[in-house]
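Read through the structure below, which is laid out as structure tokens, and then see the notes.
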Amino acid sequence: MAEPTVFERIVAREIPADILYEDDRIIAITDIAPKAPVHLLVVPKTAEYENVAALAAGDPQLLADIVAVAQDLATERTGGDYRLIFNTGEDAGQTVFHVHAHVLGTGLQEGSLGSEL
Ligand code: AMP
């Protein structure tokens, strides 16, 4: 069996996190190393999907629900303007191979995307 991902460990309460939203399939947390004044992660509880393309192909409703949670949190926390980023692949800055959406609010500098996230 593969080692549990950091997000599975957060779901299992094995490591602490600032949990902003949770339902039976999704959890949203504050990013531990924020790149903007608001930097949240919206994550499916399942580690079955490594990236957004796999999630879209395998469970499009779950992807739609992740986008809806991102929108709701951004409406609460950024006034509704935000960037939604799914890093895909190491060269794009993906470090956790358990799909997750970055929700970035105000204050993000142009050019600060990519390998920093
Ligand atoms: P990525 O580089 O796109 O795979 O994104 C992984 C994100 O997870 C990074 O922005 C990390 O800062 C974040 N991260 C890693 N460990 C934790 C943790 N324990 N709690 C919250 N965020 C985390």
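Start at 1 and go down the list; that is how both ligands and their atoms are numbered.
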Mind checking whether [X] has an N or O less than 3.5 Å away from an N or O of ligand 1?
X     : result
Ala17 : no
Gln94 : no
Asn87 : yes
His39 : no

Give the atoms of ligand 1, by number and element, whose distance to some non-hydrogen atom of [X] is under 4.0 Å.
X     : answer
Ala33 : 12 (O)
Thr30 : 21 (C)
Gly93 : 1 (P), 2 (O), 3 (O)
Leu41 : 8 (O), 13 (C), 22 (N)
Phe7  : 8 (O)
Val6  : 16 (N), 19 (N)
Val96 : 4 (O), 6 (C)
Ile29 : 21 (C)

Taking every heavy atom of Thr5 against every heavy atom of Glu8, the minimum-distance pair comes out as N-OE1, 2.9 Å
Closest non-hydrogen contact found for Leu40 with Arg77 is CD1-CD, 3.9 Å
Ile85 to ligand 1, any heavy atom closer than 4.0 Å | no
query = Any heavy atom of His102 sitting closer than 4.0 Å to ligand 1?
reply = yes
Near-ring test His100/His102, centroid separation under 6.0 angstrom: yes
- Show your working on side-chain contact (heavy atoms from CB on, under 4.5 Å) between Arg25 and Asp59 and close with a plain yes or no. CA-CA 12 Å; Arg25 302 231 288 164; Asp59 194 339; 2.9 Å; yes
Mind checking whether [X] and [Y] sit in one hydrophobic cluster, side chains of I, L, V, M, F, W, Y counted as touching below 4.5 Å?
X     : Y      : value
Phe86 : Val103 : yes
Phe7  : Tyr21  : no
Val69 : Val38  : yes
Leu62 : Val52  : yes

Note to self: Could you go through Ile29 and Asp18, starting from their C-alpha distance and side-chain angles, then the distance that decides it, and tell me whether this counts as side-chain contact (heavy atoms from CB on, under 4.5 Å)?
What the structure shows: CA-CA 5 Å; Ile29 61 175; Asp18 179 28; 5.7 Å; no
field: Short side-chain to backbone donor-acceptor contact, Lys45 and Asp23, under 3.5 Å
entry: yes
Any heavy atom of His100 under 4.0 Å from ligand 1? The part involved is side chain
